[in-house]
Amino acid sequence: MDFKRKLLIAALPLAFCISNAAWADVKIKFAEVHPKGYPPVVAEENMGKKLQEQSNGDISFKMFAGGVLGSEKEVVEQVQSGAVQMTRVSLGIVGPVVPDVNVFNLPFIFRDHAHMRKIIDGEIGQEILDKITNSNFNMVALAWMDGGTRNLYTKKPVRDIADLKGMKIRVQGNPLFIDTVNAMGGNGIAMATGEIFSALQTGVIDGAENNPPTMLEHNHYQNAKFYTLTEHLILPEPVVMAKTTWEKLTPEQQALVKKLAVEAQAEERVLWDKKSADSEAKLKAGGVEFIALSADQKKAFYDATAPVRAKYGAPYADLIKRIEAVN
Ligand code: BDP
């Protein structure tokens, strides 16, 4: 082999590396526990389309909806290892990993849904996203999806707090929620979203708690016909990217991802309101009884959970005052 040819062969791997770097191509697998057509899934898919277009194809995006990449807990682990690059996850699931976010997971921390929205749109919302980003868990938190208001759904009616006594109620895997249900007199049992349907069907649990779209779309209403409007949790849901992926992006690409995530936040909110109203109507048509509580009856749930707010809220007393001060 002549010298020139040898030189060419030696230089090949280097040339390959250079051309690879120039293609800066980042592939995003986005994990969703919700099915296609669900409000955040729609907004996230639109975000992905815009991301592909506006990055001129340097960033590719693929949605994995319906929990195919695992439960939310498993997905959070995969984001930490970098196997999944983006997800939307309930804040309830982030709490055990980044305890500072548990302020938003406290029962009755927000006065109502509108109060929660004001908070996540403002500086406190950004502070909580930053807590996630600044933790050591390989996540950059970009925006908030709306997860509505959570109420109890049960096989036997809960018309008053006393009716909940001893009922096994599924909660997300966060000790704070087990304590919350226990404080209300029930028996909190943690399990993944995908296990609820059969647990209700087989009687492993007597009920669960969630918003109307989840109760409908995950078919829980088929085996739990009573929906008690406790409004005990209003959990927003961060959209996160693996920090290892984020760091591969140029500053321009990072700004684009952030901008499009914030656009998705606004888009999802409109879809959410429509979906919630539709879901309520469909649940009622499907035989679910909506049980309204009087102010006194609701106060009984609030009072019963005071020890939970005291236990988990103690380190965040100032932040809680700031949340309460937002009108
Ligand atoms: C829904 C959330 C989803 C949660 C699910 C649950 O959108 O992220 O995983 O509740 O409770 O409201 O498992």
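All values reported here derive from a predicted model rather than from experimental measurement. Order of listing sets the numbers, starting from 1, for every ligand and every atom in it. Quick note: numbers below take in every heavy atom, side chains included, and nothing from hydrogens, waters or symmetry partners.
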Query - Contacting atoms of ligand 1, where contact means under 4.0 angstrom from a heavy atom of Thr193 - result: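 By the 4.0 Å cutoff, the relevant atoms are 6 (C), 9 (O), 13 (O).
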Requested in this report: Mark up the atoms of ligand 1 that fall under 4.0 Å of a heavy atom belonging to Ser90, in ascending order.
Outcome: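 Going through ligand 1 atom by atom, the ones under 4.0 Å from Ser90 are 8 (O).
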Query raised in the report: How does Asn211 reach ligand 1, by side chain, by backbone, by both or by neither, if only non-hydrogen atoms under 4.0 Å count?
Result: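 Answer for Asn211: side chain.
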**Report entry** Ile196 contact mode with ligand 1 (heavy-atom cut-off under 4.0 Å)
**Finding:**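 None of Ile196 does.
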Return yes when [X] approaches ligand 1 closer than 4.0 angstrom through a heavy atom, no otherwise.
X      : result
His218 : no
Met145 : no
Glu209 : no

Requested in this report: Ignoring hydrogens, just give me the one of Glu217, Glu237, Arg170, His220 whose non-hydrogen atom is nearest atom 7 (O) of ligand 1.
Outcome: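 Among Glu217, Glu237, Arg170, His220, the closest heavy atom to atom 7 (O) of ligand 1 comes from Glu237.
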Query raised in the report: When you measure from atom 10 (O) of ligand 1 to each heavy atom in Leu91, Thr214, Val89, Asn210, which option holds the nearest one?
Result: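 Nearest heavy atom to atom 10 (O) of ligand 1 lies in Asn210.
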Query raised in the report: Between Phe108 and Phe301, does the ring centroid distance fall short of 6.0 Å?
Result: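 No - the distance between ring centres of Phe108 and Phe301 does not fall below the 6.0 Å cut-off.
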Report task. Would you please indicate yes or no on a ring centroid separation below 6.0 angstrom for Tyr153 and Phe226? Result ->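 Ring-ring flag for Phe226/Tyr153: false, centres at least 6.0 Å apart.
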**Report entry** Electrostatic pair Lys275-Asp273, nearest N-O below 4.0 angstrom
**Finding:**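 Salt bridge: no.
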Query raised in the report: Salt bridge check: are Glu45 and Lys49 linked by an N-O gap of less than 4.0 Å?
Result: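 No.
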Requested in this report: Answer yes or no: are there more than 12 heavy-atom neighbours, outside Lys155 itself, under 6.0 Å from its atom NZ?
Outcome: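 Above 12, so yes.
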Query raised in the report: Does a sphere of radius 6.0 Å around NZ in Lys298 hold more than 12 heavy atoms from other residues, nucleotides or ligands, not counting ones at 6.0 Å or beyond?
Result: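 Yes, the 6.0 Å shell around NZ holds more than 12 heavy atoms from other groups.
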Requested in this report: Identify, for atom 8 (O) of ligand 1, the protein heavy atom at the shortest distance, and state residue, atom and that distance.
Outcome: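 Its nearest protein heavy-atom neighbour is Glu72 OE2, 2.7 Å.
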Query raised in the report: Identify the closest protein heavy atom to atom 3 (C) of ligand 1: which residue and atom is it, and at what distance?
Result: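 Protein heavy atom at minimum distance: His34 NE2, 3.6 Å.
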Query raised in the report: Would Tyr38 and Thr214 satisfy side-chain contact (heavy atoms from CB on, under 4.5 Å), going step by step from the backbone distance to the final call?
Result: CA-CA 9 Å; Tyr38 200 90; Thr214 294; 2.8 Å; yes
Report task. Could you tell me whether Tyr38 and ligand 1 have an N or O pair separated by under 3.5 Å? Result ->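 Not met; the criterion fails.
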Query raised in the report: Out of curiosity, does Phe61 fall in the hydrophobic cluster containing Val68 (side-chain heavy atoms, cut-off under 4.5 Å, transitive links)?
Result: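 No, because Val68 and Phe61 fall into different hydrophobic clusters, even though each may have its own neighbours under 4.5 Å.
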